[in-house]
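Here is how names work: the chains are called A, B, and so on, in the same order as the sequence lines, proteins then strands, and each is numbered from 1. Excluded from the calculations below are hydrogen atoms, water molecules and symmetry mates; all remaining heavy atoms, backbone and side chain alike, are included.
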Amino acid sequence: MLLPPLVMAAIVYACEITILSIGFTMTYLTAKIPNFAHGTYAGYGIYVNYTISKILGLNPYISFPVAFLVGGSIGVVVYMLVIGVLTKMGSGAIVLTISTIAIDIFLTALLYIYAYWLRDTFKTYTIFFILKEKDFQLGGTPGIFFVALTICIVTVVLLHTFLTKTRLGVSMRAVAEDPELASVLGIDVYRTQLYSWFLTGGLAALAGAMYPMWFQSHPAAGSYIITSIMAGSLLGGMENVYGAIIGGFGVGLSEILLTNRLQATFGIWVGEYRPLIPMFFLIAVLLIQPRGLQGAYEWLTKSKRGIELLSKLGIKVE
Amino acid sequence: MLAVIGSSVAAITGMSRLIVDIAMYFGLFVIVAMALNFQYGNAGIPNFGCAVQVIVGGFTVSGITLRLAYWLVEKAGVKLLPYQTAYDWLYNSQLNVVTVNNYLKTHPLLGVSLLLFSIAVAMVLGAVIGWVISVPAIRLRATYLMITLITMADASQIFGRNIPYICGGTLGIWIPNVFAWYPGDRGVITAVVTLAIGLICFFIFRTMLNSPYGRLMRAIRENEVTCLSVGKNVVGIRRNILMFASAITAIPGVMTAYYYSYVVDAMYQRAYWTYWSWLMLILGGPGNNAGTFLGCALVIAMRRVIIVYKWFFDKILFFPISYFEQILLGVLLIVVMIFRPDGLIPEKLLYIPGVNYTKLVRERVKVDWRTAPKMRLAGKRRRFSLKFWRR
Amino acid sequence: MDMVLFWVMVALWVIMPAFIVYEEIKERRALAEIEKAEVSEE
């Protein structure tokens, strides 16, 4: 083992939360709403992985691209049927958010039904499972550690090049900022939105496909981590994707490591309160500085009170 | 022992039980939905954390009223099993509750006063929770507020699940039957009390909504900056609204606890109290109480019909019914949003008789001033049509 | 005895909304009449 298993678990978890937070922030920038169904895309990724590795008996790593496609298509369908229609009808942000919550409920119920159907047809346990034994080992360390880290870094780099260098990425950012101006410039807003929803759905399902390799999963696991995803995005600030990376890693690492540290200090009962950590981050960020860490950084360095506070602490900023 | 306690619930069987059950659920949800209507339909506060308001009511019964009942009964000389530590609190609760029930059979006044006490304390605690909720509502709007409130509701459920002193952790705790002195069926009297409270709440809400305070709420919902410039204390008014609505929402929590004689945190799940209540509100139409009624009646009828015909559904569908209900919940919400965004009974437009709006404005604008409260969406709200997918 | 109370409550809950609905319809019809009168007088 390279590192203690706890640290490895934390890093794998943080990688997944980061990829999910990036998708969540992208959806927020494009559609101006928090997409509560984002975690459920990950749930679909979990079950794609399960189907391919347990039912079909193939290597679980094959399921990653399949999960990407499945998640992307779900995202596209959701946009075409619900979000696009509601946006064209001129609904407000609250109505759209309520509709994403409804989609979350609907998709989770579908996933439960699929799990039950799998259980009835193939006679294996489908509700609580973990796929760790199907992994390969690299010098005694489970392979998912390297794979997760690699995928995370590769995704970030690819996304950066895609969003800044390619035509489609730049038009996505343009549509996210100002759809009317973008359509004046000749960008097909509808198709660009379709692409961006495909991308976010696919990324979420990819992260979900990585999840059961280390952690125990059940059909509601997707909606269970939506709090961590939102905390990660909000911590980093919802203004651009790079904040989501910082926030995702922060929340992901702290959720596991902090729980362990508190358990060592206070006792084993703290473990039950693990979901409270991202909730605490979320509420603290929203109440103190809704723009997250980026906003806090700007406040500290640019606003008057921030500069006063910094100078009192002895840090020099010009 | 379980049979003794359980049989008191099923004293009336058959069709009457179903009707009483429907009436009880209707009473509970109509109070929650009316309070939600008060917050969202009139004040524009999307309170997706109403589960925490209901939980507070349940926790009052299991945490405070129960201990009070134990203490009073012990002072009256009846012997109770020890309940000081968390372990004994849970494992002796059934037998203790039976003893308390026997005592309450001969002391009707104590039973009624326990009920009133728990309602009063629940309302006070609900108002406290409302104050806590209003703290984020000052700075945050719309979607961020929704995120915060949903998170708070989840957090309260986690607290309830893990602290045995409140409601018995994951096992749950038994509640004495405050209507033990009543010779009839306990479910019926609880339903009657709930419906009576619902009636009172309905009239209270109706009066508030048709009063100048209601106009003020709607004004804040439409255009907050104007109200601030006129000098109204918008923050304080929002806080009052939330506290009042939270106090009222705590009452169904109390009545649920007494109906089931049992409190466990899984009964107050987010999906159950929040999503179904919102579906009722949106289906009926946010903004007027009649719509809330209609939404409640429709949703509850649908759910009960599904449960009654469970055997039929089990034949053609191979999965448990609860997931089918969830699918219906999601689909209905979306369908209502698309086809009837104003709900089945849309909000009545504000009209002050005697004011000639055309003379008031003197502008040649092609706007119907009767729709003044919906002005901000004028020209931007379109009906659903299949042309959306034509390129 | 309890069933009597129960059905009384049910009756109240059926009559009361019916009455309120009736009043609402009357009010909306009156509003529509005023609106028609004002549009035609413009």
Side-chain angles (χ1 to χ4, degrees), chain A residues 28 32-34 36-37 80-82 84-99 101-117 120-121 188 190-191 219 226-227 230-231 234 238 269-270 272-276 278-280 282-283 286-288 290, chain B residues 40 44 46 48 135-136 138-148 150-152 154-155 157-159 161-162 169-170 271 274-275 278-279 282 317-320 322-338 341 376-377 379-385 387-389 391:
Chain A
Y28 185 78
K32 307 285 180 301
I33 49 166
F36 275 91
M80 272 176 43
L81 283 185
V82 181
V85 168
L86 283 174
T87 322
K88 280 226 170 73
M89 282 173 64
S91 318
I94 295 185
V95 169
L96 282 174
T97 317
I98 296 180
S99 70
I101 296 182
I103 294 172
D104 178 27
I105 300 173
F106 178 72
L107 289 179
T108 313
L110 272 187
L111 207 52
Y112 263 107
I113 294 173
Y114 180 65
Y116 271 96
W117 177 77
D120 280 342
T121 330
D188 188 350
Y190 189 72
R191 187 173 288 183
I226 186 69
T227 320
M230 288 200 286
L234 281 168
M238 302 269 246
W269 53 270
V270 178
E272 277 296 316
Y273 288 97
R274 185 178 129 175
L276 274 181
M279 288 182 193
F280 168 72
L282 202 134
I283 298 185
L286 281 180
L287 286 182
I288 301 178
Chain B
Y40 178 60
F48 261 85
V135 166
I138 299 176
R139 295 184 50 163
L140 302 171
R141 294 290 167 265
T143 51
Y144 285 136
L145 187 61
M146 281 170 71
I147 297 177
T148 319
I150 292 186
T151 317
M152 276 187 185
D154 269 351
Q157 202 189 353
I158 290 183
F159 275 122
R161 186 167 33 221
N162 291 316
T170 44
T274 316
Y275 295 153
W278 270 89
L279 176 63
I282 290 183
L317 303 168
F318 48 85
F319 47 86
S322 56
Y323 304 125
F324 183 64
E325 273 187 338
Q326 297 226 328
I327 291 185
L328 266 184
L329 170 64
V331 166
L332 264 180
L333 258 181
I334 297 179
V335 160
V336 167
M337 289 284 181
I338 291 182
R376 67 167 171 217
L377 292 171
K380 283 204 270 179
R381 178 88 74 85
R382 288 159 53 179
R383 288 187 60 92
F384 173 78
S385 78
K387 288 207 211 118
F388 284 157
W389 289 309
R391 302 301 312 282

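Of the atoms belonging to B:Pro136, heavy atoms from both backbone and side chain fall under 4.5 Å from chain A. With a 4.5 Å cut-off on non-hydrogen atoms, A:Leu282 touches chain B through its side chain but not through its backbone. Contact annotation for A:Leu107: neither backbone nor side-chain heavy atoms come within less than 4.5 Å of a heavy atom of chain B. Within the 4.5 angstrom heavy-atom criterion, only side-chain atoms of A:Tyr28, from C-beta onward, approach chain B. Of the two parts of A:Met230, only the side chain, counted from C-beta on, holds a non-hydrogen atom closer than 4.5 Å to a non-hydrogen atom of chain B. A:Ile101 touches chain B through its side chain: at least one heavy atom from C-beta onward sits under 4.5 Å away, while N, CA, C and O do not. Looking at A:Ile288, only its backbone comes within 4.5 Å of chain B, counting heavy atoms on both sides. With a threshold of 4.5 angstrom between heavy atoms, B:Ile282 approaches chain A through side-chain atoms but not through N, CA, C or O.
The aromatic rings of B:Tyr40 and B:Trp278 sit tilted, their planes meeting at an angle between 30° and 60°.
Contacts with chain B were tallied for A:Val95, A:Ile33, A:Ile283; A:Val95 has the most, counting heavy-atom pairs under 4.5 Å. Among A:Leu287, A:Ile98, A:Leu234, A:Thr108, the residue making the largest number of heavy-atom pairs under 4.5 Å with chain B is A:Ile98.
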Report the C-alpha distance between A:Val82 and A:Leu86 in whole Å, list the side-chain angles of each, state the deciding distance to 0.1 Å, and finish with yes or no for side-chain contact (heavy atoms from CB on, under 4.5 Å). CA-CA 6 Å; A:Val82 181; A:Leu86 283 174; 4.0 Å; yes
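Rounding to the nearest 0.5 Å gives a distance of 10.0 Å between CG of A:Leu276 and OG1 of A:Thr227. For the atom pair B:Glu325 CD and A:Ile105 CD1, the distance stands at 12.0 Å (nearest 0.5 Å).
The shortest non-hydrogen separation linking A:Leu111 to A:Pro219 is CD2-O, 3.6 Å. Taking every heavy atom of both residues into account, A:Ala37 and A:Ile103 meet most closely at CB-CG2, 4.0 Å.
Side-chain contact between B:Phe324 and A:Ile113: absent, with no pair of heavy atoms (C-beta onward) separated by less than 4.5 Å.
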